[in-house]
Number of protein chains: 2
Amino acid sequence: MTAKKPLDRPDWWMDLPDAVDSRHYLGVRDSIAAHIHNGNLAEGACLPSERQLQTGTGAARGTIRAALFQLEAEGLIYRKERSGWYVSPPPIVYDPTRWEGFMSYVAAQGRTPKTELLDARTIAATAELAVVFGVDMGAPLYEIRRRRYIDDRAVLVETIHVDPRLTPSLLEHDLSQSLTQVLRSHYSIAVVRNRIEMAPCALTQDEAVALRLKSGLPGLLVKRISYDAQGRVVEYDLEYWRHDALKISVDIRVGN
Amino acid sequence: MTAKKPLDRPDWWMDLPDAVDSRHYLGVRDSIAAHIHNGNLAEGACLPSERQLQTGTGAARGTIRAALFQLEAEGLIYRKERSGWYVSPPPIVYDPTRWEGFMSYVAAQGRTPKTELLDARTIAATAELAVVFGVDMGAPLYEIRRRRYIDDRAVLVETIHVDPRLTPSLLEHDLSQSLTQVLRSHYSIAVVRNRIEMAPCALTQDEAVALRLKSGLPGLLVKRISYDAQGRVVEYDLEYWRHDALKISVDIRVGN
DNA sequence: AAGTGGTCTAGACCACGCC
DNA sequence: GCGTGGTCTAGACCACTTT
C-alpha cells in the first residue's frame, strides 16, 4: 500500500515546524520556505504541483499561487513554464571590478558554465550603436547573440556588438567560448576599462523565450562597454539575467 | 456638469495608442505603461483606483491587479499600503567604486536626500558581528538604525555597526547627517577600502514597516564593510533598499 | 492523453489610510 | 465613515509540457 499517491503531497510534507496558518498565503509561503531550508526540498528539486499543495489546506489555488509568487520574488524558487516550480540554486557572485569573463568566474565558484551561440552576423549600426562606437549610422558592426548556462540552467541571454575594424573576421572564430579569450589571443586586444550598468528590468518576449521564462518576469539588465588602451570601444554587451541568478560583490580600494 | 466623477477613470484615459486588449492583464499593463510614458501619468502621480481601472474594460479586479503587480516588478509603479498606486521616480545611480556617502551622491544627481535617525545604542556583539569586527562575542558595539529618503520618499533603512574603540562617544554626535563626514571630521578616520555585496531579497516585517511597504515585497540588500588604512573595520552597514530606487553603475580601469 | 501552470471571472470580507 | 488596497474563495477554460 505504499503505492504512489499522485494527487497528494509527499509524505514528509506535514513534518513542518508547524504553527503556521496555511490558509493564508504568507503561511503557505513560510511552510514551503521551511521545507526548502530543512532540506526536504533540495536545490533544483521540483515542488509538488499547485493543486497538490492545496490538498488538505482548504486554500484556494489563488492563495497557493500568491505564496509561490512571493517565493519567486525572493529568489527561493523559480518556474519552468507549464512544467512546474523548482528550488533555486544559489546565485553566482559577480564582481564587476575583476575582469574575467563569465566562463572563468562561474568556474571559479565551482559551477559549470556553458555558452551557446544563438546568432552571429553583420548588421548596420543603429542610431544608438553609432553613438556608442563613434561610427556613422549604418556602418557595419558584428552582432552576436548568445545564451549562457550555469549547471545547465539558462541564466542569461546577451547581445554583443563589436566593431569589425578592430576585429576583422571575428565571426569566423568559435564564438561559443570566452570572447575575452578570442580577442586576446587572435587580435591581441586587451580590455583596460569597463563601464557597467545594472538595473532591474522586465524580460521582454525575446529574452523570456530564450530563457524559457514567462515574458514579463523581472530580470536584471547588465550593460557593459569595454575599452582598449586607446579608448576604443572593444565590446558593447547587453546581458539579460534571470533575477535570481546573480549577486554582486565588489572589493575596492578608495582612490585618495 | 464638469462635476467630479469619482468612480470613473480620468477623461484622458481613453487617449491611448489603443490596439491593446484590455481584457488581458498584459494589455492592461501596456495601457497603463503607455500613460506613464506619454506623460498622462506623471512621476509621483497617483493612479486611478483598481476599481476605477476596471470600469468599462469588463476585466475582473484580479486581472487589473495582475497588471499592477507586473508594473511594480518592473519598477514603473509602487504602492503605498492601502493608499494607492503611484508612478515611480527614476532610480538613483549608485557607483560602489566612488566613495562618497548617500548624502553626496543623491545630491549630485539633483535629488534631495534626507536621513532620519531611528535608533542609536550600544549593544553586545553577536556571533556574526564578532567575526566581522574581530572582537569577542558580547563586546560592546554601537548600533545605529536610520531611514533615508530621496525627495521625501523613504528608499532605504539601514543598520550600521561601529566599533567604539575606534570612535568613542560616537552616539553623542549628530547621526542624522553623513556618517562619513562625522568619522572624518571628529575622528580623522578615512575609509580606504570597501567591501560591498548586493543581492535581491524580500523585505521582512521590520524593514517593510519602516519603508511603509507591504512586508515580503522584493527589495535590494546592500551590505558594506569599510576599512581604514590599518585594515580595521570602520563601519559595517546593512542597507535594505526598495528594489526600484537603485541602479548600479561602475566605471573601472582593469588593473593589468 | 494527462497533468501542469497561466489566466480569468465574480463575487466577498477585512484592515487600514485619509478626511 | 468612506474608499483604498489586501486577501480569499470557487469555480472555469486554455496552452503548453510531459509521458
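Quick note on labels: first sequence line is chain A, next is B, and so on, each numbered from 1. This structure is a prediction, so every number in the text was calculated from the model and none was measured.
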Classify every nucleotide of nucleotides 10-19 of chain C by which part a protein heavy atom approaches to under 4.0 Å, writing B for the base, S for the sugar-phosphate alone and - for neither, in 5'-to-3' order. --BB-BSSS-

Between [X] and [Y], does any side-chain N to carboxylate O distance fall below 4.0 Å?
| X | Y | result |
| --- | --- | --- |
| R148(A) | E116(A) | no |
| E74(B) | R29(B) | yes |
| D95(B) | K247(B) | no |
| D152(B) | K114(B) | yes |

Give a yes/no on whether any side-chain N or O of [X] is located under 4.0 angstrom from OP1 or OP2 of [N].
| X | N | value |
| --- | --- | --- |
| H24(A) | dT7(D) | no |
| T63(B) | dT9(C) | yes |
| Q54(B) | dT9(C) | no |

If I take atom [atom1] in residue [X] and atom [atom2] in nucleotide [N], what distance separates them, rounded to the nearest angstrom?
| X | N | atom1 | atom2 | value |
| --- | --- | --- | --- | --- |
| Q70(A) | dC8(D) | CD | P | 12 Å |
| F69(B) | dG6(C) | CZ | C1' | 16 Å |
| L68(A) | dT4(C) | CG | P | 13 Å |
| Y78(B) | dG6(D) | OH | P | 14 Å |
| Y25(B) | dT9(C) | OH | C1' | 16 Å |

Closest heavy-atom contact between G101(A) and T180(A)?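 Heavy atoms of G101(A) and T180(A) come nearest at CA-OG1, 4.2 Å.
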
What does R65(B) touch in the nucleic acid at a heavy-atom separation under 4.0 angstrom: a base, only the sugar-phosphate, or nothing?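 Base, at least one base heavy atom under 4.0 Å.
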
When you measure from the centre of the six-membered ring of Y142(A), is the NZ or CZ of R121(A) closer than 6.0 Å and no more than 45° off the axis?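 Pair R121(A)/Y142(A) does not count as cation-pi.
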
